[in-house]
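Computed from heavy atoms alone, side chains included, the values below leave out hydrogens, waters and symmetry copies. Here the structure is a predicted model, which is why all the values come from computation and not from measurement.
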Amino acid sequence: MRGKLVYVAGGGNSAGQAAVHLAAPRGATGPAVGPGFPILQPGTGKTRGLYVPARPDEVLWGRLPNRTTEPVAVVDSGATVTLDTISHEGVLEDQGKDPVGYFTSFGVAEEQVLTDAAEVAAGAAHDGPGPHVITGPIAVRGAEPGDVLKIEVLDLALRVPYGVISNREGKGALPGEYPEAFRGVPEFAPFLNEGGNVSVFTEVEKAGGRYRGVLPGDVPAGFDLAPFMGTMGVARDTTATVDSVPPTDAGGNIDINDLGVGSALYLPVQVAGAMFYSGDPHMAQGDGEVALTAMEGSLRATFRLTVIPRGGDGAPRVAFDYPFAETPDFWIPIGLSDPDGPENGGNATSLDVAMKTAVRHALAFLTEELGMAAPVAYAYLSAATDFEVSQVVDRTTGIHALIRKADFAG
């Protein structure tokens, strides 16, 4: 891109007036909260553009597309697509691989359990090393290696009024401490799954005109929902199995909670057609995602997919080699501890590496796109930019910067 990066916001609702839409996180815009809790079963409710359901014979479970993966659909650049996404919480083996049985045990009516979640649990092959259920991929005509795919998040609608937050053995910010320390404590028994992992069922309630996650227990605790897709990506140029857990330079499980409605993610294309996919729907997540998961809950997501040719306007130069994002209020340079994940001999996890990469990308953006002198840009980042921990639980750790657009309005 040449000159100042300008965000062009997309809008519109994908799931009709009955769906529950929520305000997006900081720096993003979205539709007002809607009434009621309709269940967005597959094929119900209005959708926008191409509708892609999550069918058991089409989803990927635990793995991401590579260059040999066939698309489930093909669209033109600039097309709008609506994806039904399924949370892996409630369909995993340690929860019985039976979402009807699992969720009804918490008092959810059977008709409020998604039928596609039940079909995936019963009929899809969990043949990847990760937990995530992935919808896609979608090929975009004209996308070639070296281009950028711009992914605009137009709408996110709750499919169900509940979610789950989990902590599993060997994972999270404190592996080896938790969930082991929770076991054998009688009052913690209701939160333990098969095998001793922890899952906290979390209801959604409306309070003061806002939708909130309400935690169980004697201490009243709740938090505003701020939905986003934890996983958005393009296919990696490899024939190897691509684990759904670590984010890479092709996107994937980047878990940046700022990427709600009104945001845009820019990803470097590695294979013809780009092969966009999404999954790991989140209703809310703190920076770090320390237990292991966010409040995981199924969403209906609407995106606009646009190809930006190398050398063309519409994307910052760093995005042709590395993920970059923005909201209406922030530019978001990204740093990962290991941009190719477990490929090429290991999976580096250092937050120091992720931080240094994010700073380098922020400097490159300010100098190359906005024309700042490098010493001034470095000073600006030190004085005015927050560098946040995206997550520390996906093996590849992430740091992202929040550069305020308002600081450059003059």
Side-chain angles (χ1 to χ4, degrees), residues 50 52-75 77 79 81 83-86 88 120 123-151 229-255 265-281 301 303 305-308 310 319-324 334 336-349 391 394-396 398:
L50 175 72
V52 182
R55 298 189 177 100
D57 59 339
E58 292 181 342
V59 299
L60 305 177
W61 194 351
R63 60 187 175 90
L64 303 177
N66 62 19
R67 68 168 174 255
T68 67
T69 308
E70 293 294 324
V72 300
V74 182
V75 298
S77 176
V81 297
L83 279 60
D84 274 347
T85 66
I86 297 172
H88 53 280
V120 164
H126 188 177
D127 55 0
H132 307 102
V133 178
I134 301 299
T135 305
I138 300 167
V140 185
R141 293 185 182 94
E144 295 292 341
D147 296 339
V148 161
L149 185 68
K150 179 181 181 181
I151 303 147
M229 296 307 302
T231 295
M232 296 179 282
V234 295
R236 288 187 58 76
D237 186 16
T238 180
T239 59
T241 298
V242 182
D243 191 336
S244 71
V245 173
T248 70
D249 51 11
N253 191 29
I254 57 175
D255 281 338
L265 176 64
Y266 301 82
L267 295 176
V269 174
Q270 296 192 14
V271 304
M275 306 294 279
F276 170 75
Y277 58 86
S278 189
D280 192 25
F303 307 97
L305 307 178
T306 304
V307 177
I308 301 171
R310 177 171 285 278
F320 288 91
D321 299 301
Y322 211 92
F324 184 92
I334 297 167
L336 300 173
S337 63
D338 192 338
D340 65 5
E343 293 184 41
N344 298 317
N347 197 164
T349 62
Q391 51 72 31
D394 297 333
R395 298 201 301 274
T396 295

Nearest non-hydrogen partners of [X] and [Y], listed with the distance:
X	Y	value
Gly279	Met229	O-CE, 3.1 Å
Thr68	Thr239	CG2-CG2, 4.0 Å
His88	Pro131	CB-O, 3.1 Å
Pro56	Val59	O-CG2, 4.1 Å
Pro323	Pro268	N-CD, 4.1 Å
Phe320	Ile308	CE2-O, 3.7 Å

Look at the side chain of Tyr322 and the backbone N and O of Pro339, then say whether any donor-acceptor pair between them is shorter than 3.5 Å.
no
If you apply the rule side chain to side chain contact (heavy atoms under 4.5 Å, CB included), what do you find for Tyr277 with Thr231, and how did you get there?
CA-CA 8 Å; Tyr277 58 86; Thr231 295; 3.6 Å; yes
For Val120 and Trp61, what are the C-alpha separation, side-chain angles and deciding distance, and is it a side chain to side chain contact (heavy atoms under 4.5 Å, CB included)?
CA-CA 9 Å; Val120 164; Trp61 194 351; 4.1 Å; yes
Please say which of Leu305, Leu149, Val307 ends up in a side-chain contact (heavy atoms from CB on, under 4.5 Å) with Ser77.
Val307
As an exercise, state the distance from [atom1] of [X] to [atom2] of [Y], rounded to the nearest 0.5 Å.
X	Y	atom1	atom2	result
Leu83	Phe276	CG	CZ	6.0 Å
Thr85	Asp280	OG1	CG	9.0 Å
Phe324	Leu267	CZ	CG	12.0 Å
Met232	Ile254	CE	CD1	5.0 Å
Ile86	Ile134	CD1	CD1	10.5 Å

Show me the donor-acceptor pairs, under 3.5 Å and distance only, between side chains in residues 241-252 and residues at least two apart or in other chains.
from: Asp243; atom 1: OD1; to: Val245; atom 2: N; distance (Å): 3.0
from: Asp243; atom 1: OD2; to: Arg395; atom 2: NH2; distance (Å): 2.6
from: Ser244; atom 1: OG; to: His132; atom 2: ND1; distance (Å): 2.8
from: Thr248; atom 1: OG1; to: Ala250; atom 2: N; distance (Å): 3.1
from: Asp249; atom 1: OD1; to: Arg236; atom 2: NH1; distance (Å): 2.5
from: Asp249; atom 1: OD1; to: Gln270; atom 2: NE2; distance (Å): 3.1

Just grab all the side-chain hydrogen bond (donor to acceptor under 3.5 Å, both in side chains) pairs involving residues 134-146, residues at least two apart or on different chains.
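Those involving residues 134-146 are Asp76-Arg141.
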Does the side chain of Thr396 pick up a donor-acceptor pair with the side chain of Asp394 at under 3.5 Å?
no
Verdict with reasoning, Arg55 to Asp84, per salt bridge (Lys or Arg N to Asp or Glu O under 4.0 Å)
CA-CA 9 Å; Arg55 298 189 177 100; Asp84 274 347; over 6 Å; no
Residue list, salt bridge (charged side-chain N to carboxylate O under 4.0 Å, His left out) with Asp338, at least two apart or on another chain
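Asp338: no salt bridge (charged side-chain N to carboxylate O under 4.0 Å, His left out) contacts found.
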